[in-house]
Amino acid sequence: MESVIRDPSLAPEGHRKIEWAAAHSPVLAAVRERYLKDGTFEDLGVAVALPVEAKTAYLAVVLAEVGARVSVAAPLPSVVQDDVAAALAERGVAVFANSEGSPEDADRWMELALEAATSAGEAVLIDDRAGLTRIAHTTRRRLLAHLRGASEETTSGVVRLRAMEAEGVLEFPVLAANDARCKHLFDNRYGTGQSTLTALMQSTNLMLGGKRVVVLGYGWCGKGIARYAAGLGARVTVCEVDPVRGLEAYADGFDVLPALEAAGVGEVFITATGNLHVLGEEHFGRMRDGAILANAGGVDVEIDVSWLRATAEEVYEVRRHVEEFVMPDGRRLRLVGGGMVVNLTAGDGHPVEIMDLTFAIQALCAHHLANRAASMEAGLHPLPPELDEEVARLKLEAVGMGVDSLTEEQRRFLAGWRE
Ligand SMILES: NC(=O)c1ccc[n+]([C@@H]2O[C@H](COP(=O)([O-])OP(=O)(O)OC[C@H]3O[C@@H](n4cnc5c(N)ncnc54)[C@H](O)[C@@H]3O)[C@@H](O)[C@H]2O)c1
């Protein structure tokens, strides 16, 4: 199937980016050598919906190398790097991604990726925010019979899939890749922590040291953001709705305040909840002139950008990726990355080493589904823990470190109760 990309002539820069990602992805390379070359993927379709940048591209390349019919769709135009899309298309992967498209185009791209992956047989899905799964259960139901199952990348996707499962409408097995320890402990925490602050600092050219940074949500992403911000010298306040997580933030050394109170305190606000309108009209009304807003959560409605656009007297781009909203009372609020996931829209996403772990997990999920889906019930499943542990072991090996194994005596001691 013909790829849908912005400009094929951008491919050379994209190839360089993919090579850089490949050179720093020893775990995925080891997974390819040890697990993926067993013939599982020969003539199997794999439809991938993920931000189209170098690390995703390398995952697609690895799957294609072991025989899969790979198609890649961007779940949003704002997470597309056109040079990488062009390079991937040149390597024979069906790519549906254009940074200049609209959110409606993204649904069409995911439909095309599903069509391409199932064009000559069965397929598995590597999904982002359950986008492909939603489409397979709505506008492309006729393809359901060709889909063995899916593996889900994000917290927000797992939340939606749980809702589908509870309604009894999820028709194939889904592995919650996000819930693997080698995924969320590193990707959500360290990956989001580093890349969100890198994107913020790069797009604003401001320092974080000394600034009052408010982090909304103290889940895995929020913990990483708070920790990196504190490491850079910021004075961090955390907002939560879960009192235990709020207490955890307090014990970690941060102030914990309701969001409306924090609104008057902060200079920089970063949302990481996966929830709707965590910052809205009331909060904006209390913010100081020059407050900076960014969203690191997986949904683009955490900051009520529609209200800001409808209310501001003037909106203009003050720097690349930074819009200034002049409010009716003259205060200026500065939004980075349009309120979409900031580390991808205004940055290069997670560090390569982090995505190496995540995509090793995803590759093993796809492999597991390809072989076992027939014996799995429709619904959400965890990744088998031994695969999670294998990824950690491979990474430790790659950095010249290692862990011990329990002795037989220790195993018996832990399993018993008489001693
Ligand atoms: N930017 C990235 O690259 C990236 C990476 C991984 C995950 N994500 C996304 O980030 C979001 C958070 O992921 P996570 O793994 O940290 O999830 P999580 O479930 O571990 O944490 C979310 C936290 O937000 C809190 N919360 C919910 N509503 C809130 C509100 N109104 N005010 C304050 N706190 C609230 C919850 O109590 C919870 O502690 C998800 O949407 C996820 O998909 C983004």
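This structure is a prediction, so every number in the text was calculated from the model and none was measured. Whatever order the structure lists ligands and atoms in, that order sets their numbers, starting from 1.
- Distances between N or O atoms of L344 and those of ligand 1 include no value under 3.5 Å.
- Judged by the 6.0 Å and 45° rule, K223 forms a cation-pi pair with W220.
- Between the side chain of S25 and the main chain of L28, no donor-acceptor pair closer than 3.5 Å is present.
- For E282, the CD atom counts as loosely surrounded, since its 6.0 Å shell holds 12 or fewer non-hydrogen atoms of other residues, nucleotides or ligands.
- No heavy atom of H184 sits closer than 4.0 Å to any atom of ligand 1.
- At a 3.5 angstrom cut-off on N or O pairs, T154 does not count as close to ligand 1.
- Considering both main-chain and side-chain atoms, N343 comes within under 3.5 Å of ligand 1 through a nitrogen or oxygen pair.
- Of all the heavy atoms of T155, the ones lying under 4.0 Å from any atom of ligand 1 are found in both the backbone and the side chain.
- A donor-acceptor pair under 3.5 Å is absent between the side-chain atoms of R32 and the main chain of V66, judged by distance alone.
- At least one heavy atom of A296 sits closer than 4.0 Å to an atom of ligand 1.
- Crowding of R140 atom CZ: a count of heavy atoms from other residues, nucleotides or ligands under 6.0 Å exceeding 12.
- Nearest non-hydrogen protein atom to atom 41 (O) of ligand 1 is S156 OG, 2.6 Å.
- Of the heavy atoms in C239, only backbone atoms (N, CA, C, O) come closer than 4.0 Å to ligand 1.
- The backbone of A272, and not its side chain, has at least one atom closer than 4.0 Å to an atom of ligand 1 (non-hydrogen atoms only; backbone = N, CA, C, O).
- More than 12 heavy atoms of other residues, nucleotides or ligands shown are found within 6.0 angstrom of CZ on R142.
- At a heavy-atom distance under 4.0 Å, only side-chain atoms of R245, from C-beta outward, approach ligand 1.
- Classification of the H367-Y35 ring pair by plane angle, with boundaries at 30° and 60°, yields perpendicular.
- At under 3.5 Å, a nitrogen or oxygen of W220, whether backbone or side chain, sits near a nitrogen or oxygen of ligand 1.
- Put simply, the side chain of H381 gets close to the backbone of E377: a donor and an acceptor are under 3.5 Å apart.
- Summarising the contacts of atom 32 (N) of ligand 1 with T358, I225, V238, V241, the nearest heavy atom is found in V241.
- The ligand atoms of ligand 1 that sit less than 4.0 angstrom from a heavy atom of G297 are 9 (C), 10 (O), 11 (C), 41 (O).
- In V341, the part holding a heavy atom less than 4.0 Å from any atom of ligand 1 is the side chain.
- Under a 4.0 Å criterion applied to the non-hydrogen atoms of D242, ligand 1 contributes the atoms 37 (O).
- Heavy atoms of K223 come nearer than 4.0 angstrom to ligand 1 in no pair at all.
- Contacts between D187 and ligand 1 below 4.0 angstrom, taking non-hydrogen atoms only, involve the side chain exclusively.
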